Protein chains: 2
Amino acid sequence: MPAINPNISVDCVIFGYDFKDLNVLLVERTLLSEKGDLIFTDHTLLGNHIYEEEDIDEAAMRILKELTGFENIFLEQFHTFAHPKRLENEKDRQWLRSIGFDPDNRVITVGYYSLLNCKEVTLHAGNRRVCWVPVNIVGDLAFDHNLILAKAYEDLKLKVMLGPIAYQFLPRKFTLSQLQKLYEVIFNIRFDKRNFRKKVARMKYLVPLNEKQKGVAHKPAQLYMFSREVFEMTKKGVFEFTI
Amino acid sequence: MPAINPNISVDCVIFGYDFKDLNVLLVERTLLSEKGDLIFTDHTLLGNHIYEEEDIDEAAMRILKELTGFENIFLEQFHTFAHPKRLENEKDRQWLRSIGFDPDNRVITVGYYSLLNCKEVTLHAGNRRVCWVPVNIVGDLAFDHNLILAKAYEDLKLKVMLGPIAYQFLPRKFTLSQLQKLYEVIFNIRFDKRNFRKKVARMKYLVPLNEKQKGVAHKPAQLYMFSREVFEMTKKGVFEFTI
DNA sequence: CCAAAAGTGTTGACGCTACACCCATGG
DNA sequence: CCATGGGTGTAGCGTCAACACTTTTGG
């Protein structure tokens with residue numbers, strides 16, 4: 001049993017897209033009194049302390065693998081949070097004591113985010129209760145997790161503009177309408193359909209497949225996939241990108 | 001005397017522009033034998049452990065203030081480095097022992113970078129020897145500092161593209177040729193003078209002053225300043241920017 | 001045949017690239 | 001008067017935003 005490092009944790013902001021909203025995975029936190037009465041319940045991000053011989057990237061990967069079963073999930077470190085009073089809230093202190101942590105022990109946390117499609121993953125949460133919540137209706141979270149989430153979302157928007165990572169939110173085969181909707185949801189703006197499709201047509205790494213949607217009650221859409229190979233071959237610079 | 005946290009440090013990648021090169025500030029590290037013979041000498045970034053009651057942003061600010069005397073230097077956290085073997089190199093272990101640190105103690109470091117004009121700052125290095133070295137001729141640094149520097153430089157280029165931070169490298173009043181040269185040095189590319197100036201003309205927050213260069217042996221150049229106020233009033237979105 | 005989403009072109013404004021010469025000053 | 005950098009305009013091309021109708025399918 002490897003030793004855990006009591007001063008460093010990793011928090012994973014797990015973004016999930018369900019073709020409708022951009023969600024974040026939250027873990028329910030409940031504090032019960034000795035008699036078993038509910039004292040409070042709220043939510044946290046998915047996080048954990050790291051092991052002593054473990055890199056933080058590995059720790060974040062491990063947490064994600066435990067949750068999803070997948071090894072190769074997109075993962076990005078975005079910021080480190082170390083305010084000395086980030087655990088000062090009385091609810092947080094109570095809760096830390098209840099699980100055997102010293103609330104006066106300073107913990108700094110490294111924030112990661114990852115992207116996945118809600119429909120394509122089955123969550124193995126163990127005995128924790130987890131849920132997907134649309135990012136724009138998330139309420140008050142534990143600790144400084146609202147701050148962490150906000151910063152993650154900012155960085156996500158930036159990185160989605162700068163490189164082809166949004167495909168992590170979609171299944172391998174997707175329609176242009178799904179792609180457009182995804183960008184609209186992430187950035188909370190609307191695109192013109194014709195202009196969007198003209199732009200896609202210029203991106204040679206978005207390749208149309210010999211396959212159409214099936215079983216939909218309207219004209220079936222062309223399916224596309226993202227080719228990382230073509231992307232790597234044809235990319236010029238950072239500013240080549242942007243949807 | 002506040003207690004230091006032995007597990008967390010801050011490394012500052014201090015970029016300095018001297019109107020010619022983009023430099024990074026390095027600190028000389030020398031290890032002497034008991035007899036006083038030189039065992040080795042090389043360079044590190046400027047870094048330090050944090051205090052127990054101190055935020056990491058504050059710690060980085062403090063280090064910078066000690067060095068420059070200024071309070072309000074541009075400072076950006078860019079990445080955290082926590083590989084368990086980042087201090088495994090034998091030279092680094094020797095050196096840590098020589099200054100009374102346990103090389104087996106795990107230290108994670110949070111990377112910051114800051115931007116300043118070499119000519120406008122006087123360095124208070126204490127008993128350390130520091131020097132400006134052009135980023136593209138930096139040799140082998142101590143610890144994982146080459147990695148930290150590379151990552152800082154990447155992030156710098158990104159953030160310079162995304163917002164008006166390059167002005168931190170220049171004095172308050174500067175010429176367009178100085179600005180152009182700065183961008184050319186940072187990105188290692190060349191711009192066309194006329195096109196560059198047309199672009200600047202569209203940026204209303206680059207304001208021409210009623211003042212020209214003096215004492216130069218050629219046609220004196222118009223001086224400009226960057227107006228943060230105008231920038232804030234007129235900015236649209238992230239993609240509004242880019243030189 | 002109806003509902004629902006897929007798919008498609010043109011125009012005007014603007015930003016981008018490429019390119020060469022005269023100007024003002026100090027020495 | 002010369003060396004040095006400062007300063008300027010145009011043309012062609014590509015990308016951008018704005019805008020409305022027809023097509024294909026399942027029910």
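Model, not experiment: these values are computed from the prediction. We name chains A, B, ... by the order of the sequence lines, and we start the count at 1 in each one.
Neither side chain, Tyr112(A) nor Asp11(A), offers a donor N or O lying under 3.5 Å from an acceptor on the other. If you check the side chains of Thr80(B) and Thr80(A), you find a donor sitting under 3.5 Å from an acceptor.
For the pair Gln222(B) CD and dA24(C) C1', the computed distance is 14 Å after rounding to whole Å. Between Arg202(A) atom CZ and dG9(C) atom C1' the separation is 14 Å, expressed in whole Å. One can place CD of Gln178(B) at 13 Å from P of dG5(D), the figure rounded to the nearest angstrom. Distance NZ (Lys181(A)) to P (dA6(C)): 11 Å, rounded to an integer number of Å. Rounded to a whole Å, the CG atom of Asn195(B) is 14 Å from the P atom of dT10(D). We find that NZ of Lys198(B) is positioned 15 Å from P of dC14(C), with the value rounded to whole Å. Rounded to whole angstrom, the span from the CG atom of Asp192(A) across to the C1' atom of dT15(D) amounts to 14 Å. Atoms NZ (Lys214(A)) and C1' (dA5(C)) sit 19 Å apart, rounded to a whole Å.
Contact check on Glu58(B) versus Arg62(B) returns no salt bridge, with no Lys/Arg side-chain nitrogen under 4.0 Å from an Asp/Glu carboxylate oxygen.
Ring pair Tyr183(B)/Phe191(B) is perpendicular by interplanar angle, where above 60° counts as perpendicular and below 30° as parallel. Using bins of under 30°, 30° to 60° and over 60° for the plane-to-plane angle, the ring pair Phe15(A)/Phe169(A) lands in the perpendicular bin.
Counting non-hydrogen atoms under 4.0 angstrom, Arg197(B) reaches a base of the nucleic acid. If you check every strand for non-hydrogen atoms under 4.0 Å, Gln213(A) touches nothing.
Regarding contacts with the backbone of dA5(C), every side-chain N or O of Ser177(A) stays at 4.0 angstrom or more from both OP1 and OP2.
Here Asn136(A) pairs with Pro134(A) under the side chain to side chain contact (heavy atoms under 4.5 Å, CB included) rule; sequence neighbours left out. Taking the ring-ring contact (aromatic ring centres under 6.0 Å, His included) definition, one finds that Phe143(B) meets it with His145(B), sequence neighbours left out.
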5' to 3', nucleotides 20-27 of chain D under a 4.0 Å protein heavy-atom cut-off (B base, S sugar-phosphate only, - none) gives B--BBBS-

